[in-house]
Amino acid sequence: MLESFILILLIGFFVGQIARRLKAPALVGMVLVGIILGPQVADLISPDVLAGSAPLRTIAVMVILMKAGLGLDREKLVQQGTVALRLGFLPAACEALVIALAAIWILKFDFPTGLLLGCIIGAESPAVIVPGMLRLKSLGWGVTKGIPDAILTGSALSDVLLLLVFSLLLNFLTQGATSSVTLPFGITLSAVQLLPIQIICQIVLGVVLGLVTARLLVLLLAKQNWTQNAVQDSLIAASLGLLLVVVAEKFPFFSGYLAVMATGFFLIELDAPLARRLRSGFDSLWVVAEIILFVLLGASIQLQVLEKTLVPGLVILAIGTLIGRALGWYLSTLGSNWNRRERLFLLPGNSAKATVQAAIGAIPLTQGIQGGETTLAIAALSILVTAPLGAWAIPTFAPKLLERGEVDPTKVAIARRIVILAAVDTSPLASQVLIKTAELARRSDVEVIVLHIICTNDPQGVEHLQEKSQRLLADIRHKFIAITGSIPEEIIRVAQDYGVAEIVIGKRGHQPWDEVLVGSVSQAVLESSPIPVILVEDDRLANK
């Protein structure tokens, strides 16, 4: 089993990076690794790992939904009005119904079996959509109108709806009749009549339990300080999130996944600093969870059942998306402030299938439902076609169809390369500048440019300064640059060329020009630099 995890993580990571360097989504490489390592080809993944893949996928989906919740913006959702709610129901419902009708026509299914297929295919993939939408938010695409937030919320609600209908249809097809429940006063309702009540109950209780969990996390992690660092914060939050999902599976009165997403959402409102720390921690968890999720997805795909359903399956997927889901998108955004291009973005941004199809696609076959093998094949086909396509299309079409707005760093983690420039001379003050630079760099794991402007011919001094930089910055990725020119101008030019975030420079009193960066130089940089400047004073002068 351990060997399987080593193969999954190492090969999945590197093949994913190869796919990314080839301008394809990393998940394409990971899914291909799963297919190759899985029982269909090389059979290198332990059967025990494959048997336990469902819990591992559950953990991965929990991580990505917590990330989604921690990235939601309440103001943008309120601005959208009912658009997010309509996106949660209409596209999925329309697609499921159209697929049911197409399955009756093409596959000769009866309506309940066709609708069962529609519920499987109509569910959206949080593992593809959530990272894509959070990436758009970090870049500012569509944020002015809250489009990524509406899609994130809608995708979570749509999965609640379709999973409930799927359970109802599965019960009907296996038992041959709908169950009923007797309420007080002798009122008897069938499962179909109970469905609206179940949906409302799942959503309301999921949101309430998310609020309760968020308050508990704030109490434990922020007010009572039971943890000492962000890693422990993330461990506790992930454990409680997973507990919500497990409890929901045993007591299906609420949506566990919706509760997890709501937890992240309420954490932003209750304690924004804690939410920021957790956002960073869950970003790290997703690095591992993503590999496991998509490699195991690939391993679960049964290639041998795809051949005879390839053409009809593609036709059904196209009909479901271009007719059913498109109708749902139109109705969802009717009367909103979305323009035509933004509505068109829903095609690449809200169509990907992966996690739900992998989780429930094989259930009709295992339950002995007629057409179960065909259902599984089309579910696998939907993963192979829409997951890579969606992961590629979201970042590709967003700049073409959406407007770019101002990024809110309090709602998303903005990953960028941070560089600090340390301007030093050959005086003893250089050590203090380098020590301060190293202190700043270690706080955020940034890179350093050590810049020396040569004013006099002193090769030994430059060599000594380079050795000092190597010693004081030994654990920090850095680059030493020695050039000639006007000191203030060259400092600012190099800082702009390398896109540095801050300039660290020494300041001391009036000393000979050839010994130190004098106060006039640091003052000139401070006054003319568009980049923030940190001045380091000479400790010997400061103590006088």
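In what follows, every heavy atom counts, from backbone to side chain, and hydrogens, waters and symmetry copies are set aside. Bear in mind the structure is a predicted one, so any value in this text is a computation, not a measurement.
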- Task: Report the residue from Ile203, Val208, Val204, Val247 that forms a side chain to side chain contact (heavy atoms under 4.5 Å, CB included) with Phe254.
- Result: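 When Ile203, Val208, Val204, Val247 are each tested with Phe254, the side chain to side chain contact (heavy atoms under 4.5 Å, CB included) holds only for Val247.
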
Expected list for residues 2-9: side-chain donor-acceptor pairs under 3.5 angstrom, two or more places apart:
from	atom 1	to	atom 2	distance (Å)
Ser4	OG	Ser46	N	2.7

If you define the side chain from C-beta out and look only at heavy atoms, does anything of [X] sit under 4.5 Å from [Y]?
{"X": "Trp286", "Y": "Leu134", "result": "no"}
{"X": "Leu346", "Y": "Thr333", "result": "yes"}
{"X": "Arg57", "Y": "Leu297", "result": "yes"}
{"X": "Arg86", "Y": "Leu334", "result": "yes"}
{"X": "Ser158", "Y": "Pro91", "result": "no"}
{"X": "Phe294", "Y": "Val33", "result": "no"}
{"X": "Leu161", "Y": "Gln202", "result": "no"}
{"X": "Phe265", "Y": "Thr153", "result": "no"}

Without swapping roles, check the side chain of [X] against the backbone of [Y] for a donor-acceptor pair under 3.5 Å.
{"X": "Ser155", "Y": "Pro126", "value": "no"}
{"X": "Asp149", "Y": "Asp73", "value": "yes"}
{"X": "Ser255", "Y": "Gly206", "value": "no"}
{"X": "Gln357", "Y": "Ala123", "value": "yes"}

If every non-hydrogen atom of [X] is compared with every non-hydrogen atom of [Y], which pair is closest and at what distance?
{"X": "Val433", "Y": "Ala422", "result": "CG1-CB, 4.2 Å"}
{"X": "Glu342", "Y": "Trp338", "result": "OE1-CA, 3.2 Å"}
{"X": "Ala26", "Y": "Ala19", "result": "CA-CB, 4.3 Å"}
{"X": "Leu152", "Y": "Ala68", "result": "CD2-CB, 4.2 Å"}
{"X": "Ala441", "Y": "Ile476", "result": "CB-CD1, 3.8 Å"}
{"X": "Leu115", "Y": "Ala96", "result": "CD1-O, 3.9 Å"}

Give a yes or no on whether [X] atom [atom1] has more than 12 heavy-atom contacts from other residues, nucleotides or ligands under 6.0 Å away.
{"X": "Glu439", "atom1": "CD", "answer": "yes"}
{"X": "Arg215", "atom1": "CZ", "answer": "no"}
{"X": "Arg404", "atom1": "CZ", "answer": "yes"}
{"X": "Glu403", "atom1": "CD", "answer": "no"}

- Go through the steps for Leu72 and Met261 under the test side chain to side chain contact (heavy atoms under 4.5 Å, CB included), then give the verdict. CA-CA 9 Å; Leu72 286 177; Met261 191 170 174; 3.8 Å; yes

To the closest 0.5 Å, what do you measure between [atom1] ([X]) and [atom2] ([Y])?
{"X": "Leu440", "Y": "Ile420", "atom1": "CG", "atom2": "CD1", "answer": "5.0 Å"}
{"X": "Leu421", "Y": "Ile531", "atom1": "CG", "atom2": "CD1", "answer": "8.0 Å"}
{"X": "Leu217", "Y": "Lys223", "atom1": "CG", "atom2": "NZ", "answer": "12.5 Å"}
{"X": "Leu116", "Y": "Phe166", "atom1": "CG", "atom2": "CZ", "answer": "5.0 Å"}
{"X": "Leu402", "Y": "Ile394", "atom1": "CG", "atom2": "CD1", "answer": "10.5 Å"}
{"X": "Glu124", "Y": "Asn350", "atom1": "CD", "atom2": "CG", "answer": "4.0 Å"}

- Residue pairs involving residues 264-277 (criterion salt bridge (charged side-chain N to carboxylate O under 4.0 Å, His left out); sequence neighbours excluded): Arg74-Glu269, Asp233-Arg277

- Message: Apply side chain to side chain contact (heavy atoms under 4.5 Å, CB included) to residues Leu278 and Met66 and explain how you reach the verdict.
- Response: CA-CA 9 Å; Leu278 290 176; Met66 182 67 82; over 6 Å; no

- Given the rule in the side chain to side chain contact (heavy atoms under 4.5 Å, CB included) test, do Leu384 and Val31 qualify, once you have shown the distances and angles that lead to the verdict? CA-CA 8 Å; Leu384 287 173; Val31 171; 4.3 Å; yes

- side chain to side chain contact (heavy atoms under 4.5 Å, CB included) between Tyr498 and Glu447, worked out: CA-CA 11 Å; Tyr498 282 88; Glu447 300 178 19; over 6 Å; no

- Message: Checking Phe13 now: which residues fulfil side-chain contact (heavy atoms from CB on, under 4.5 Å) with it, not counting sequence neighbours?
- Response: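 side-chain contact (heavy atoms from CB on, under 4.5 Å) check on Phe13 returns Gln17, Ile291.
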
- Query: Taking it one step at a time, do Thr321 and Arg325 satisfy side-chain hydrogen bond (donor to acceptor under 3.5 Å, both in side chains)?
  - Reply: CA-CA 5 Å; Thr321 300; Arg325 185 161 282 270; 5.6 Å; no

- With Phe397 as reference, evaluate Trp392, Phe345, Trp141 under the ring pair (Phe, Tyr, Trp, His ring centres under 6.0 Å) test and give the passing residue.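 Testing each of Trp392, Phe345, Trp141 against Phe397, the sole residue satisfying ring pair (Phe, Tyr, Trp, His ring centres under 6.0 Å) is Trp392.
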
